[in-house]
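Quick notes on the structure that follows.
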Amino acid sequence: MAVGIFDSGLGGLTVYDAVHAAMPDQPIVYFGDNAHAPYGVRDADDIFEKTTFAIERLWEAGCDLVILACNTASAAALRRIQESWLPADKRVLGVFVPLIEAMTERSWGDNSPPREVAVKHVALFATPATVSSRAFQRELAFRAIGVDVEAQACGGVVDAIEEGDTILAQALVRSHVEALKRKMPNPEAAILGCTHYPWMAETFQDALGPDVKVYSQAKLVAESLGDYLERHPNMRGSGQESMFLTTGDPKLVSAHATRFLRREIQFISA
Ligand code: DGL
């Protein structure tokens, strides 16, 4: 009954943590492609190849349903995966939609026509690949009208987090927020459109100021996964065991993960 969670590296652990808190008995197999992070500076074909490799490994571990807890892979590869690669008995879900539904005050799977919503000025912080894909704006346009989105590509932040350099990550976040504010001085909401960024949520909130509502994905994705599994219990795969797989150095990745989640996490080689 295992479910797979994939990210280019450590960021998807923010989603893992929320899913585990909401469903403690659910076996979860986590795959971090740490050897190849960051994905945010790679092109779409490369991201597709690496993401599908990881998904196949998660199938082997008994996960029929895989969550791409990686906005960059969701933005650059998910559509191609769903339209031309995925067999009928498997599912791959991305992380954009639950967030956009929350921001546009929609309940799960509400596909009614786009309408006006309360927020008008939204700052999007994401990786360069996610920003250039415009996938967020495309999904938003299906659900809301009249929302002005200013996107800031946050180069360097994922690398700093993967290397465990929190001081550098904080400094980069502050400079990206300043750059965003030069383009949009008064956003009402900010989207942390990369699963690594919740580790830096306090710095984002501090730099943006208390009046900006900061949305991050982990809890929203966990809620919509719970809902999905209730409606599709057959998508719980055959795997029984939770595990953490990495393409990187398991010792190093385990040490970073343990520090971020504040409990012992043991990665093994993928
Ligand atoms: N955590 C990822 C995301 O949500 C990936 C970042 C990266 O590898 O550049 O976009």
Side-chain angles (χ1 to χ4, degrees), residues 4-19 30-55 66-79 81 92-100 123-139 151-166 168-169 172-173 176 190-201 204 214-222 224-225 244-248 253 256-257 260-261 267 270:
I5 296 184
F6 163 77
D7 184 43
S8 61
L10 296 165
L13 288 173
T14 57
V15 173
Y16 162 82
D17 205 29
V19 172
Y30 185 90
F31 185 115
D33 193 7
N34 303 76
H36 304 115
Y39 277 17
V41 290
R42 295 179 182 275
D43 67 33
D45 283 343
D46 194 8
I47 294 170
F48 175 85
E49 293 305 326
K50 291 186 165 46
T51 304
T52 49
F53 175 86
I55 294 170
V66 174
I67 308 294
L68 295 191
C70 176
N71 292 267
T72 308
S74 302
L78 182 58
R79 213 203 253 184
I81 287 171
V92 176
L93 303 175
V95 283
F96 271 27
V97 172
L99 182 85
I100 292 176
L124 168 68
F125 297 95
T127 66
T130 299
V131 169
S132 68
S133 75
R134 296 189 61 81
F136 179 85
Q137 287 91 329
R138 196 175 54 234
E139 289 295 337
Q152 177 66 31
C154 299
V157 177
V158 168
D159 311 61
I161 293 172
E162 286 288 315
E163 280 155 26
D165 192 342
T166 310
L168 175 61
L172 287 168
V173 165
H176 288 305
I191 305 288
L192 304 189
C194 168
T195 51
H196 282 70
Y197 300 171
W199 307 123
M200 297 294 131
F204 273 105
V214 175
Y215 287 84
S216 66
Q217 289 160 319
K219 248 181 111 200
L220 298 168
V221 172
S224 67
L225 174 63
F244 296 88
L245 306 171
T246 179
T247 54
V253 175
H256 287 326
F260 281 129
L261 291 187
F267 273 82

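We count ligands from 1, going down the list as the structure has it; atoms in each ligand are counted the same way.
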Distance filter under 4.0 Å, heavy atoms only, around ligand 1 gives Asp7, Ser8, Pro38, Tyr39, Gly40, Cys70, Asn71, Thr72, Thr127, Val158, Cys194, Thr195, His196

Tested for side chain to side chain contact (heavy atoms under 4.5 Å, CB included) against Thr195, the lone hit among Val221, Thr72, Asn71, Val158 is Asn71

Ring pair (Phe, Tyr, Trp, His ring centres under 6.0 Å) partners of Tyr16, counting only residues at least two apart: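 His20, Phe244.
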
**Asked** Counting heavy atoms not belonging to Arg134, are there more than 12 under 6.0 Å from its CZ?
**Response**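 Check fails, neighbour count at 12 or below.
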
Can you give each donor-acceptor pair under 3.5 Å made by side-chain atoms of residues 5-13, sequence neighbours left out, with the distance rounded to 0.1 Å?
unit_1	atom_1	unit_2	atom_2	d
Asp7	OD2	Gly9	N	3.2
Asp7	OD2	Gly11	N	2.9
Asp7	OD2	Gly12	N	3.0

Among Phe125, Tyr215, Trp199, which residue satisfies the ring pair (Phe, Tyr, Trp, His ring centres under 6.0 Å) criterion with Phe204?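 Output: one option passes, namely Phe125.
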
Across all chains, not counting sequence neighbours, the side-chain contact (heavy atoms from CB on, under 4.5 Å) partners of Ala169 are Ala160, Ile161, Met200

